[in-house]
Amino acid sequence: PSPAEDYIEKKLDLHRHLVRNEPATFFFKASGQAVSSAGICDGDLLVVDRSITAVSGRIVIAALEGELVVKRLLKRGERFFLTSENSEAPECDITGHEDVCIWGVVTHAVHTL
């Protein structure tokens with residue numbers, strides 16, 4: 001018998017490791033480089049949990065002007081902003097905007113090396 005047999009695990013289930021709340025979780029494919037400095041690259045598969053409260057500093061999926069975007073949510077004083085990690089892109093003040101909807105919080109990014 002091999003000594004490695006003591007370390008053999010059951011089948012690796014990424015779903016079990018990446019999804020905390022299955023009914024509230026969806027997958028989203030990232031497009032662009034807006035949050036690349038946060039570790040999210042073009043083409044990454046994002047795990048998004050709708051049951052997590054979106055708080056300042058979290059990366060979120062938001063519906064903004066009819067388009068789904070990946071941005072960082074920031075709170076400054078009483079105002080909320082969606083920002084890119086890209087310094088060239090302007091931040092968007094979403095305070096009081098009824099046409100903005102936070103779809104969920106990004107919990108993991110899976111990318112190919």
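If you read the sequence from its start, that first residue is 1, and numbering goes on from there.
Under the salt bridge (charged side-chain N to carboxylate O under 4.0 Å, His left out) criterion, the residue pairs touching residues 64-75 are R72-E85, with sequence neighbours excluded. Screening residues 92-110 for salt bridge (charged side-chain N to carboxylate O under 4.0 Å, His left out) gives R79-D93 as the qualifying pairs, with residues at least two apart or on separate chains.
In the model, D49 has no side-chain atom that pairs as donor or acceptor with a side-chain atom of T107 under 3.5 Å.
Not a single salt bridge (Lys or Arg N to Asp or Glu O under 4.0 Å) links R58 to another residue, sequence neighbours left out. Looking at residues two or more places apart in sequence or on another chain, you find no side chain to side chain donor-acceptor pair (under 3.5 Å) involving D42.
I52 and V47 fall into different hydrophobic clusters, where Ile, Leu, Val, Met, Phe, Trp and Tyr residues are linked whenever their side-chain heavy atoms come under 4.5 Å apart, directly or through other members.
Contact between V19 and F27 at its shortest, heavy atoms only, is CG2-CZ, 4.2 Å. Here the closest non-hydrogen pair linking I94 and F81 is CG1-N, 4.3 Å. Taking each heavy atom of R76 and L74 in turn, the nearest pair found is NH2-CD1, 3.7 Å. Residues A109 and G39 come closest through the heavy atom pair CB-O, 4.5 Å. Taking every heavy atom of both residues into account, A54 and V105 meet most closely at CA-CG2, 3.7 Å.
Using a 4.5 Å heavy-atom threshold, the side chains of L82 and L73 count as touching. Side-chain contact between H17 and H108: absent, with no pair of heavy atoms (C-beta onward) separated by less than 4.5 Å.
No donor-acceptor distance shorter than 3.5 angstrom exists from the side chain of S36 to the backbone of C41, with no hydrogens or angles considered. Judged purely by atom type and a 3.5 angstrom limit, T83 has no side-chain atom pairing as donor or acceptor with the backbone of E91.
Hydrophobic side-chain contacts under 4.5 Å tie V106 into a cluster, directly or through other members, with F26, F28, V35, I40, L46, V48, I59, I61, L68, V70, W103. Summarising the hydrophobic clusters (Ile, Leu, Val, Met, Phe, Trp, Tyr; side-chain heavy atoms under 4.5 Å, direct or chained), the residues clustered with V55 are none.
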